[in-house]
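Worksheet: one structure, shown below.
A, B, ... follow the sequence lines: proteins, then strands. Residue 1 opens every chain.
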Number of protein chains: 2
Amino acid sequence: MKSNITMKDIADKLGVSSVTVSKALNDKEGVSESLKLQIKKIAGEMGYRYNSAAKSIKEGLSYNVGVMIPQRFTGMNSSFYLRVYQQISLHLDHYGYFGILNILSNEDEDQLNFPRVYSENKVDGIIILGQVSKEYIQTVQNMNMPKLFLDFYDEHAEVDSIIQDNFYGAYELTNYLIRLGHRDIAYVGNIYSTSSIQDRFLGYYKSLLEHGLAFQERLLLNDRDERGRYIDIQLPERMPTAFVCNCDQVAYNLYERLTEAGYSVPADCSVVGFDNDVYATLVSPHLTTVEVDIDQMARTAVKFMMEKLESPGRRNGRVLVQGKIVFRDSVKRLEANN
Amino acid sequence: MKSNITMKDIADKLGVSSVTVSKALNDKEGVSESLKLQIKKIAGEMGYRYNSAAKSIKEGLSYNVGVMIPQRFTGMNSSFYLRVYQQISLHLDHYGYFGILNILSNEDEDQLNFPRVYSENKVDGIIILGQVSKEYIQTVQNMNMPKLFLDFYDEHAEVDSIIQDNFYGAYELTNYLIRLGHRDIAYVGNIYSTSSIQDRFLGYYKSLLEHGLAFQERLLLNDRDERGRYIDIQLPERMPTAFVCNCDQVAYNLYERLTEAGYSVPADCSVVGFDNDVYATLVSPHLTTVEVDIDQMARTAVKFMMEKLESPGRRNGRVLVQGKIVFRDSVKRLEANN
DNA sequence: CTGAAAGCGCTTACAG
DNA sequence: CTGAAAGCGCTTACAG
């Protein structure tokens, strides 16, 4: 399968030099218009394909970017990162780059091995998509090429990161509920479980504070045990008018719980979620929720990476990408508030 | 970011030639053991990284395989192909290869453009993942490198393909129902909608035939209109004891319909699905269904590709990958049949 | 065991 | 406008 037609072959066919062919095919100065046209025509006929390896070796650039996803985020039910990767791939294309997916195996993560894309110089930069261990972060820092953390950050690492704005999303969502007249609003989630649940809680909390609403313990409902397994949600004795759930799946669970207890959404109480995944449209009525702007995350990551490739010293720090509220039918405007 | 350490740098540091360094680093014959060790040590210290572009240019091999997914299969809710890609990527790794994802845009498909991975010689072979247009299949055939169709095939194209065995999966599932004593079994799906719905129907049909059970029109329930939108499933007047649904999502829809009508699964009637996606475990009781063996598909695709890379003439034809039944609690053994 | 020479395909000065 | 020369980093014969 190495029927490789080279510039030399085209040059020989036309009795010119390969330098001239190179100039013609790259639309560079120094070839007469007619020769250029002729060369391009012959190239097409001969099925010539550019050899990017030769370019790579000259420029020391592979025109690839590695996207590394830790293995544990790649299970059956977690296609989120794959979708992010897909968008990254699409945006890289605009810059003439390609994305190489690299699943970081648990072993490689434990043994602090460099990924093969790095040790074989297959990529010009690397995007780490999804939290890796503290120790591996150090390994990443030892890699001598532009790098970027996506969807997580490390306070000590000198690595730029792009994360979704969990805090602001929950803040906006809660503001929205308050604007519609809700005053007694619960938060559903184990705030000691993950940092995103905690950050979302904080956004909810800030909204309450800003509106002079007192937070009370009874308004914090647990959704999972310390190992992350969902538990039955205990509804408070005096029911709030609205629930902010830390994610759509928990909202789904809450719906079931409410139905059992004889409450109807949104007539008796309103519910909002987070993520806009399958669960958001699996419940009836469909859930008002926050959608992570995957495209924006990918676009930003690629932009930053390209900038770093241009000027390696470039820093962007910790950048937040805001989600957008998807308004559906799980929230009711309270009469009280006109 | 081109602080590239080369073999020459290592050689200079030790006062040897780069040829010797090359041999040492590649564990080739012709270097004394002690020198080899020393070279490897220095290489490590200097942070040397192999330049795979140089290898590529020598061998005419990129050690990359392209995976092309038509844009229309990459929406929000279709992560199936991304998961396949992920597995391909994993298996390629075993062979020292990398996978480059290439989303085929609708425009490129319409205009029959070669993908950039091809025209820039970025890959040694290409896997087309998901049905492309008749016209584009021709374009694929014009590509002068090993290629493979995955999850679809074309009767006229001289291209090997790997597809899931829809027919056999439904056949087995129906056999299972019959073995448990079911005799009156319905199929849910619009058999004119897609070829996989049709093939699954045929598997169901064959099972009936083999067991001497008569198929009747009343046993074929429609699930979607000609544009693919789900419609309300009409339950037959005389209820069957079991339903074979063409996919899990439709089984999910059927559950709702059955619940409305006052039937309970599996007490009153049994239900099976296909795909083993989220919907399978969203219903209660969880659904017995067929899981596509993504790993097997990916593994086979990579194996075939590697063989083609070895010997380009190699043909494998149309290969079917069988799914596996996932037994859960949506099926009841009928008393009648001990 | 060790290394000088040539070459993979292309591009970048530079000379004509 | 056109092209000979050198070089990118590595490997493959081949000579010593």
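- Taking atom CG on B/Leu61 and atom P on D/dT12, their separation rounds to 13 Å, with Å as the unit.
- Computed from coordinates, the A/Asn51 CG to D/dC8 P distance equals 18 Å when rounded to whole Å.
- Rounded to whole Å, atom C1' of C/dC1 lies 13 Å from atom NZ of B/Lys36.
- For the pair A/Lys28 NZ and C/dT11 P, the interatomic distance rounds to 6 Å; values are reported in whole Å.
- Distance from the side chain of A/Lys58 is smallest for C/dT12 among the nucleotides C/dA5, C/dC8, C/dT12.
- The side chain of A/Tyr50 lies closest to C/dT11, out of C/dT11, C/dG9, C/dG3.
- Nucleotide D/dC8 holds its C1' atom 13 Å from the OH atom of A/Tyr63, rounded to whole Å.
- Mapped onto DNA chain D by nearest heavy atom, B/Ser52 and B/Lys23 fall at different nucleotides, with B/Ser52 at the one closer to the 5' end.
- Geometrically, B/Arg314 does not engage B/Phe304 in a cation-pi contact defined by less than 6.0 Å to the ring centre and at most 45° from the axis.
- Ring centroid separation for the pair B/Tyr153 and B/Phe149 does not come in under the 6.0 Å cut-off.
- Tested against B/Val21 for a side-chain contact (heavy atoms from CB on, under 4.5 Å), the candidates B/Ile10, B/Asn26, B/Leu14, B/Asp12 yield a single pass: B/Ile10.
- Checking D/dA13 for Watson-Crick or G-U wobble geometry (two distances, each under 3.5 Å) identifies no partner in any strand.
- Both B/Glu33 and A/Ser18 lie close to DNA chain C; mapped to their nearest nucleotides by heavy-atom distance, the more 5′-ward contact belongs to B/Glu33.
- Out of D/dA4, D/dG9, D/dA13, the shortest distance to the side chain of B/Val19 is found at D/dA13.
- The aromatic rings of B/His94 and B/His91 lie perpendicular to each other, with more than 60° between the two planes, well past the 30° mark.
- Contact between the side-chain N/O atoms of A/Ser22 and the OP1/OP2 oxygens of C/dT12 is not found at any separation under 4.0 Å.
- In this model, no donor atom of one side chain and acceptor atom of the other lie less than 3.5 Å apart for B/Asn121 and A/Ser52.
- With rounding to whole Å, A/Leu25 atom CG is found 15 Å from D/dG3 atom P.
- In this structure C/dA4 sits in no base pair that meets the Watson-Crick or G-U test at under 3.5 Å.
- When each of C/dG9, D/dC10, D/dT2 is scored by its nearest atom to the side-chain atoms of A/Ala54, the top-ranked nucleotide is C/dG9.
- Taking the side chain of A/Ile57 as heavy atoms from C-beta on, and the options D/dC8, D/dT11, C/dC10, the nearest nucleotide is D/dC8.
- Rounded to whole angstrom, the span from the CE atom of B/Met7 across to the P atom of D/dG9 amounts to 12 Å.
- For the pair B/Glu29 CD and D/dC14 C1', the interatomic distance rounds to 16 Å; values are reported in whole Å.
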